[in-house]
Colleague: 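Here it is: the structure, laid out below.
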There are 2 protein chains.
Amino acid sequence: MNVRADLAQRREELHAVIRAAAIAEFAEHGLRGASTQGIADRAGISKTKLHYYITSKEDLYQEVLDHIIGLWDDLFHETPDSDDPEGFLRDYIARKLLFSLEYPDVSRVFTSEVMRGAPMLRAHWDASRTATGRAADRIAGWVAAGLIRPVDPWLLQFNIWSLTQAYALHATEVRFMLGLDDDAPLDLDHITQEVTQLVLRGLRP
Amino acid sequence: MNVRADLAQRREELHAVIRAAAIAEFAEHGLRGASTQGIADRAGISKTKLHYYITSKEDLYQEVLDHIIGLWDDLFHETPDSDDPEGFLRDYIARKLLFSLEYPDVSRVFTSEVMRGAPMLRAHWDASRTATGRAADRIAGWVAAGLIRPVDPWLLQFNIWSLTQAYALHATEVRFMLGLDDDAPLDLDHITQEVTQLVLRGLRP
DNA sequence: CGAATGTCAAACCAATTGATCAGATCAAAT
DNA sequence: ATTTGATCTGATCAATTGGTTTGACATTCG
């Protein structure tokens, strides 16, 4: 049984390596532009071996998308520290930005899929929309309670998404503009501070 | 001479058609994922005919990137109505959003190139950086004059870019969340209002 | 032991890729 | 009318694509 567990674990580890390689390749070239050879190279295995562990490129891509959705759900479902607007938004923005800077390729794959019309993402979006709708209700509640000024609760969420995700999508551009090396880390705390302030002050009644 | 002009014009018109088709294809699939066959189909010509007018896929892509940079320069160099922060930012945000909603594919091609490390964009970025630096100086001036609260002038620009571009990149997602048809127009005025308010109020001293 | 299962690589396959070529077509210039 | 040059097409190219097959090797289990 110990051996069996080891085997299953080795399989799972290799699968994680493959998934990571796939995310990197898909982030850089999209679904059509990604090649299984490229994924195999990044994973450090032969193309044949890769195809032994996956059923098809499209299938791997779909699995990556599911994985991403799962990560985002986790990120969103972590109970926020507080329920007042300021505490909640601070926490939310900080977490989103941390994720963007830590796993930029994940955001890139997602945006790449959206840019081509999100044909393989539509299945997940129904759940995502109801979640966004609940959040919109909460924001509307803040507005009604006079805690923040009147805003469109949906657009506010889109705006926060864009502010946080941009630092993943355009990290290369940001680094260049700031005169940083291509692989230099971005200043998470500073960015978080600036974005948070912009949003919080922008919502003052 | 008249005839010559006509010929040159026909050539140019066809070239514009090809460029538009290329932008659509590149926006959806990126450089590697785009196929010359797909571009030819969108342009309504045969693949052979396409290759008669272009020298290579990479070359066409580079030309598209140059074209995009030109469009953005024009957008930026139009003299703003006013020089005070509020007037300038209102104008700038409105123009950027108008462009994003009108030509979303242009923004998509640009982001797609950035996401893969922007190897064919670096040549343009030096000029772009000095322009951004000048804008940063102006913003710093506003801060020094107490017209807006202290902010990082560079990050403020990144944040405005992301707020405006997101409605091009993620138009599909936004439409879905708002329950709109895939080809329904987004409410430019409403979005402009919301984004402008968020930024202007977020900058109050 | 031996059968069965899991792991992997070399060779290979059909399809698509970007791109070329020789030649047909056509309008303009001589 | 003939020449010239640009435009356009069908056939075709070599290379790369995603994916399979065959078979060798190893590991596990009876």
Side-chain angles (χ1 to χ4, degrees), chain A residues 1-19 21-65 109 112-113 116 119-120, chain B residues 1-19 21-65 109 112-113 116 119-120:
Chain A
M1 183 49 97
N2 196 355
V3 177
R4 272 231 164 271
D6 274 2
L7 282 191
Q9 187 181 340
R10 264 189 46 189
R11 242 189 118 87
E12 202 165 328
E13 278 169 12
L14 183 53
H15 215 81
V17 170
I18 290 177
R19 191 172 49 220
I23 288 177
E25 176 83 1
F26 287 136
E28 215 170 293
H29 302 293
L31 171 57
R32 289 239 311 236
S35 81
T36 56
Q37 183 65 64
I39 297 173
D41 289 347
R42 290 180 201 256
I45 60 179
S46 69
K47 194 176 74 163
T48 321
K49 186 170 175 179
L50 171 68
H51 275 287
Y52 176 75
Y53 282 97
I54 69 174
T55 66
S56 75
K57 188 175 81 161
E58 266 78 16
D59 208 70
L60 176 58
Y61 185 69
Q62 180 68 260
E63 190 206 304
V64 164
L65 288 184
V109 172
S112 163
E113 171 67 10
R116 56 167 211 137
M120 310 184 68
Chain B
M1 182 50 99
N2 196 355
V3 178
R4 274 230 163 273
D6 273 5
L7 281 191
Q9 187 181 342
R10 263 190 49 190
R11 239 190 120 90
E12 203 166 328
E13 278 169 13
L14 183 53
H15 215 82
V17 170
I18 290 176
R19 191 173 48 221
I23 289 178
E25 176 83 2
F26 287 136
E28 212 170 295
H29 302 293
L31 170 58
R32 289 237 314 233
S35 80
T36 56
Q37 182 66 67
I39 296 173
D41 289 347
R42 291 182 201 256
I45 60 178
S46 69
K47 193 175 73 162
T48 322
K49 186 171 174 178
L50 172 69
H51 275 286
Y52 175 74
Y53 282 96
I54 69 174
T55 68
S56 74
K57 188 174 82 162
E58 265 79 17
D59 208 70
L60 176 57
Y61 184 69
Q62 180 68 262
E63 189 207 304
V64 163
L65 288 183
V109 172
S112 163
E113 171 67 10
R116 57 167 209 137
M120 310 184 68

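None of the values given here were measured: they were computed from a predicted structure. By convention in this document, chain letters (A, B, ...) are assigned in the order of the sequence lines, proteins followed by strands, and residues within each chain are numbered from 1.
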Colleague: Rounded to whole angstrom units, what separation is found between the CZ atom of Arg32(A) and the C1' atom of dT17(C)?
Modeller: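 Rounded to the whole Å, the gap is 11 Å.
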Colleague: Could you check Thr48(A) against Ser35(A) and say which one's nearest nucleotide on DNA chain D is further toward the 5' end?
Modeller: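 Counting from the 5' end, the first nearest nucleotide belongs to Ser35(A).
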Colleague: Using the rule given for side chain to side chain contact (heavy atoms under 4.5 Å, CB included), can you reason through Ser35(A) versus Arg32(B), listing the C-alpha separation, both sets of side-chain angles and the distance that settles it, and then say yes or no?
Modeller: CA-CA 10 Å; Ser35(A) 81; Arg32(B) 289 237 314 233; 4.2 Å; yes
Colleague: To the nearest Å, give me how far apart CD1 (Ile18(B)) and P (dT7(D)) are.
Modeller: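 Distance check: Ile18(B) CD1 to dT7(D) P gives 11 Å.
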Colleague: Out of curiosity, Thr36(A) OG1 to Leu60(A) CG, how far, rounded to the nearest 0.5 Å?
Modeller: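 Between Thr36(A) OG1 and Leu60(A) CG, I get 9.5 Å after rounding to 0.5 Å.
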Colleague: Within this structure, what is the NZ-to-P distance between Lys49(A) and dT7(C), rounded to whole angstrom?
Modeller: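 My rounded result for the distance is 9 Å.
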Colleague: Output the rounded distance in Å from CD (Gln37(A)) to P (dG19(D)).
Modeller: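 About 13 Å, once rounded to whole Å.
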Colleague: Just to confirm, is there a sub-4.0 Å distance from OP1 or OP2 of dC8(C) to any side-chain nitrogen or oxygen of Ser46(A)?
Modeller: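 No, Ser46(A) has no side-chain N/O under 4.0 Å of OP1/OP2 on dC8(C).
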Colleague: Under a 4.0 Å N-O cut-off, is there an ion pair linking Glu28(A) with Arg42(A)?
Modeller: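 Here Glu28(A) pairs with Arg42(A) in a salt bridge, since their nearest N and O are under 4.0 Å apart.
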Colleague: Working to the nearest 0.5 angstrom, can you tell me the gap between Ile23(B) CD1 and Ile18(B) CD1?
Modeller: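 Going from CD1 on Ile23(B) over to CD1 on Ile18(B), the span is 12.5 Å.
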Colleague: Could you state the NE2-C1' distance from His51(B) to dT12(D), rounded to the nearest angstrom?
Modeller: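 Between C1' of dT12(D) and NE2 of His51(B): 14 Å.
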Colleague: If the cut-off is 4.0 Å, is Tyr52(A) near the phosphate of dC8(C), judged by side-chain N/O to OP1 or OP2?
Modeller: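 Answer no for this pair, as no side-chain N or O of Tyr52(A) is under 4.0 Å from OP1 or OP2.
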Colleague: Kindly determine whether Lys57(B) and Leu31(B) satisfy side chain to side chain contact (heavy atoms under 4.5 Å, CB included), including the steps that lead there.
Modeller: CA-CA 8 Å; Lys57(B) 188 174 82 162; Leu31(B) 170 58; 4.1 Å; yes
Colleague: Is any side-chain N or O of Tyr53(A) closer than 4.0 Å to OP1 or OP2 of dG6(C)?
Modeller: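 Negative; the distance criterion is not met.
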Colleague: Quick one: the side chain of Lys47(B) and the base of dG18(C), do they pair up donor-acceptor inside 3.5 Å?
Modeller: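 Such a pair is found, so the answer is yes.
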Colleague: Base, sugar-phosphate, or nothing for Ala34(A), non-hydrogen atoms under 4.0 angstrom?
Modeller: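 Since only primed, P, OP1 and OP2 atoms lie under 4.0 Å of Ala34(A), the category is sugar-phosphate.
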Colleague: Specify the separation, in whole Å, of atom CG of Leu50(B) and atom C1' of dT9(D).
Modeller: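 Roughly 14 Å, once rounded to whole Å.
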Colleague: Give the rounded distance in Å between these two atoms: CZ of Phe26(A) and C1' of dG18(D).
Modeller: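 That distance rounds to 12 Å.
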Colleague: Check the distance between dG18(C)'s C1' and Leu31(B)'s CG and give it to me in whole angstrom.
Modeller: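 Those two atoms, CG and C1', are 12 Å apart.
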